[in-house]
Amino acid sequence: MYFDKHVFVCENVRAEGERPSCGPKGSPQLLAYMKKRIQELGLKGKIRIQKSGCLDRCELGPVQVSYPEGLWFSIKTQEDAEAFIQNHILENKPETIRHLTLKDEE
């Protein structure tokens with residue numbers, strides 16, 4: 001595999017009055033923080049964090065999905081993002097951050 005993990009962070013923005021979207025909920029700032037941390041940790045090239053368009057789980061956002069596991073997350077704060085990086089990216093123990101994980105049926 002080219003990347004050990006590939007994380008997509010929804011940054012979609014819809015017009016006011018439409019369905020909710022992740023961009024206005026702070027997603028761009030979370031993406032910037034996660035990218036910065038990955039670089040600081042020397043993981044650039046192994047871990048890819050990038051923006052995406054709508055992931056269609058808008059009401060639960062901001063929403064992220066990580067591959068190859070296909071795990072979905074709702075990371076809303078820098079503290080959540082750091083827990084994601086420490087537990088999912090570095091330790092490969094997403095079960096320790098279940099409160100950030102979205103179930104398939106949500």
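By convention here, the first residue in the shown sequence is residue 1.
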(message) Is there a path of hydrophobic side-chain contacts, each under 4.5 Å between heavy atoms of I/L/V/M/F/W/Y residues, joining Leu102 to Val65?
(response) yes
(request) Please report the C-alpha distance between Cys54 and Arg14 in whole Å, then the side-chain angles of each, then the deciding distance to 0.1 Å, and finally whether the side chain to side chain contact (heavy atoms under 4.5 Å, CB included) criterion is met. (result) CA-CA 10 Å; Cys54 183; Arg14 289 197 177 84; 3.3 Å; yes
(request) Identify the two heavy atoms, one from Ile75 and one from Leu30, that lie closest to each other, and give their separation to 0.1 Å. (result) O-CD1, 3.0 Å
(request) Please say whether more than 12 non-hydrogen atoms of neighbouring residues, nucleotides or ligands are located less than 6.0 Å from CD in Glu105. (result) yes
(request) Provide the closest heavy-atom pair for Arg37 versus Glu82 in the form atom of the first, atom of the second, distance. (result) NE-OE1, 2.8 Å
(message) Quick one: does any side-chain atom of Gln78 pair with a main-chain N or O of Tyr33 as donor and acceptor, under 3.5 Å?
(response) no
(message) Working to the nearest 0.5 angstrom, can you tell me the gap between Arg57 CZ and Cys22 SG?
(response) 11.0 Å
(message) If you compare all heavy atoms of Glu59 against all heavy atoms of Pro20, which two are closest, and at what distance to 0.1 Å?
(response) OE2-CD, 3.7 Å
(message) Minimum heavy-atom separation for Thr101 and Pro94, please, with both atom names.
(response) OG1-O, 4.2 Å
(message) Treating Ser27 as the side-chain partner and Pro62 as the backbone partner, does any N or O pair qualify as donor plus acceptor under 3.5 Å?
(response) no
(message) Under the side-chain contact (heavy atoms from CB on, under 4.5 Å) test against Val7, which residue among Tyr67, Phe84, Phe73 passes?
(response) Phe84
(message) Check whether Lys25 reaches the backbone of Cys58 with its side chain - one donor and one acceptor, N or O, closer than 3.5 Å.
(response) yes
(request) Decide side chain to side chain contact (heavy atoms under 4.5 Å, CB included) for Ile85 and Leu41; before the verdict, give the C-alpha distance in whole Å, the side-chain angles of both, and the deciding distance to 0.1 Å. (result) CA-CA 10 Å; Ile85 291 166; Leu41 293 165; 3.7 Å; yes
(request) Report the distance from atom CD1 of Ile49 to atom CD1 of Ile89, rounding to the nearest 0.5 Å. (result) 5.0 Å
(request) Check whether any side-chain heavy atom of Leu60 lies under 4.5 Å from a side-chain heavy atom of Trp72, and answer yes or no. (result) no
(request) Verify the cluster assignment for Ile97 and Phe8: are they in a single hydrophobic cluster under the rule of side-chain heavy atoms below 4.5 Å apart? (result) no
(message) Checking Arg19 against Asp56 for the salt bridge (Lys or Arg N to Asp or Glu O under 4.0 Å) test, could you report, in this order, the C-alpha distance in whole Å, the side-chain angles of both residues, the deciding distance, and whether it holds?
(response) CA-CA 10 Å; Arg19 186 176 176 195; Asp56 203 30; 2.7 Å; yes
(message) To the nearest 0.5 Å, what is the distance between NE2 on His6 and CZ on Arg48?
(response) 5.5 Å
(message) Within this structure, what is the CG-NZ distance for the pair Leu43 and Lys35, rounded to the nearest 0.5 Å?
(response) 14.0 Å
(request) Check whether any side-chain heavy atom of Lys5 lies under 4.5 Å from a side-chain heavy atom of Asn92, and answer yes or no. (result) yes
(request) Measure the spacing between CD of Glu11 and CG of Leu31 and express it to the nearest 0.5 Å. (result) 5.0 Å
(message) Minimum heavy-atom separation for Met34 and Ala81, please, with both atom names.
(response) CG-CB, 3.8 Å
(request) Decide yes or no for Lys46 and Phe3: does some side-chain heavy atom of the first lie under 4.5 Å from some side-chain heavy atom of the second? (result) no
(message) Are His88 and Leu71 packed together at the side-chain level, in the sense that at least one heavy-atom pair is separated by less than 4.5 angstrom?
(response) yes
(request) Of all the heavy-atom pairs spanning Ser74 and Asp80, show the shortest one and how long it is. (result) O-OD2, 4.4 Å
